[in-house]
Amino acid sequence: MEHSRAGEGEGETRAGVGGGEPTPADQVEELLKRAQNGFELDEPLLDRLRTALMHQSELRSYRQRNDEPRPLRCNTYRHVFLLSDGSSRLLYELEHDTGPDDRFLYEVYAREEALDQAERRVHERIGGGIGPGAEAEELPAWLAEELLLAMGPTRPHREYVCDASPDHARRLLRRAENADGPGEVVRELLQGALGHHIALITKPRRRGAGRDATWCRFYEHAFLLEGGGEVSLWELEHNLTSDGRLVCEVYLDEAEAEVAADRHARAQGVEL
């Protein structure tokens, strides 16, 4: 069973880093190039994604049926783009081989509702059991991530961007919704930041079987100070809220961010 495609996988891509690495703008163009319905995406959204600082591709779900003359597969990928203001936008990519031959076809969507409709259409073509009672055929969406994270958290090498770092710190702290975040001393310290680096920190997650709509991500915002010192702020982005709204919280300590995530998850009856 295929877990990823050549040239893609878990990890992040930063614009302007590592000569040969594709930038987020390159990733957007690749998505549009292979998608059958790329023309349906709004240009304003695409323009924003092309200026993203980072891109990550994650396997969201996959299904394979082997009792046909040839295997029928359906994979869904979630493409996360981290924007310069610290927010993130998603594109969903549907990959399947339910056409007349065995080559993969690709579709891309900006809204999860549209993706759901497309997945239902493809699953109807595949046929067979799906949903409750069909666990033997459809593997849990989290399985690939659990395998990829078996070696533990990953820490990317820092590449500081010396571009409006104090402004980035102000925007990050301004959108934080937690009252127990960094204090005024930290705010003042970061006004002298010379550079900053944003990294998606991959952490193992314990999730139950079935469809998982939980969004919980950790980002490290590292700031380079005069004299070579460094300060990191830990951003917790999640939808573990009573209304499912995506919120941002910022902590000075990584462990505090993890404790907060666990606290929110327990309050919603979710296991991370």
Side-chain angles (χ1 to χ4, degrees), residues 10-12 52-61 76-83 85-92 111-113 115-116 140-150 152-156 168-184 186-187 190 196-223 231-272:
E10 203 77 28
E12 62 281 327
L53 299 176
M54 185 189 304
H55 164 268
Q56 181 187 18
S57 175
E58 303 173 335
L59 181 64
R60 181 178 184 266
S61 64
T76 301
Y77 298 89
R78 179 167 51 194
H79 296 269
V80 187
F81 293 85
L82 183 64
L83 305 181
D85 62 1
S87 63
S88 59
R89 294 299 301 268
L90 302 179
L91 285 183
Y92 301 97
R111 295 184 303 107
E112 192 168 11
E113 296 82 0
L115 171 70
D116 288 342
W142 48 261
L143 179 60
E145 184 178 11
E146 291 292 308
L147 294 174
L148 288 167
L149 298 180
T154 59
R155 301 282 174 165
H168 176 73
R170 279 194 296 269
R171 290 194 300 269
L172 174 64
L173 293 171
R174 186 170 59 240
R175 69 173 180 271
E177 299 190 24
N178 55 310
D180 55 346
E184 193 60 35
V186 174
R187 295 175 185 269
L190 294 179
H196 66 281
H197 171 77
I198 308 170
L200 174 66
I201 304 302
T202 307
K203 294 177 180 294
R205 298 172 60 191
R206 304 177 302 279
R207 294 185 278 186
R211 184 157 185 163
D212 176 33
T214 299
W215 177 262
C216 183
R217 287 292 182 269
F218 294 87
Y219 298 94
E220 180 188 17
H221 298 258
F223 295 89
V231 171
S232 286
L233 297 183
W234 301 89
E235 179 187 6
L236 170 62
E237 184 185 57
H238 67 89
N239 65 352
L240 299 168
T241 54
S242 58
D243 57 358
R245 182 174 59 92
L246 190 66
V247 301
C248 163
E249 300 179 15
V250 177
Y251 298 89
L252 189 57
D253 183 76
E254 181 179 10
E256 290 181 3
E258 292 180 343
V259 168
D262 289 337
R263 181 175 68 250
H264 294 311
R266 287 196 301 273
Q268 298 301 320
V270 174
E271 187 179 68
L272 293 180

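Atom OG1 in T76 sits 9.0 Å away from atom CG in D116 (nearest 0.5 Å). Going from atom CD of E113 over to atom OH of Y92 covers 8.5 Å, rounded to the nearest 0.5 Å. To the nearest 0.5 Å, the span separating CD on E237 from CG on L82 amounts to 8.0 Å. Within the model, atoms CZ of R174 and SG of C248 stand 11.5 Å from one another, a figure rounded to the nearest 0.5 Å. Rounding to the nearest 0.5 Å places CD of E184 at 9.5 Å from CG of L173.
With respect to the salt-bridge test (charged N to carboxylate O, under 4.0 angstrom), the residues R175 and E235 qualify.
A 4.5 Å side-chain heavy-atom check between L190 and L172 finds every atom pair outside the cut-off. Side-chain contact between H168 and F223 is present, with heavy atoms from C-beta onward closer than 4.5 Å. Residues L53 and L83 form no side-chain contact, since every pair of their non-hydrogen atoms from C-beta on lies 4.5 Å or further apart. Between L236 and F218 there is a side-chain heavy-atom pair separated by less than 4.5 Å. At a threshold of 4.5 Å between non-hydrogen side-chain atoms, the residues S57 and H79 count as touching. Looking at heavy atoms from C-beta onward, R245 lies in side-chain contact with E177 at the 4.5 angstrom threshold. Residues E220 and E254 have side chains not in contact (no heavy-atom distance under 4.5 Å, counting atoms from C-beta outward). Residues E256 and E249 form no side-chain contact, since every pair of their non-hydrogen atoms from C-beta on lies 4.5 Å or further apart.
Taking both residues in full, the closest heavy atoms of L233 and P182 are given as CD2-CG, 3.8 Å, listed atom of the first, atom of the second, then distance. Of all heavy-atom pairs between A257 and W234, the closest is CB-CB, 4.2 Å. In plain terms, the two heavy atoms of L246 and N239 that are nearest each other are CD1-N, 4.1 Å.
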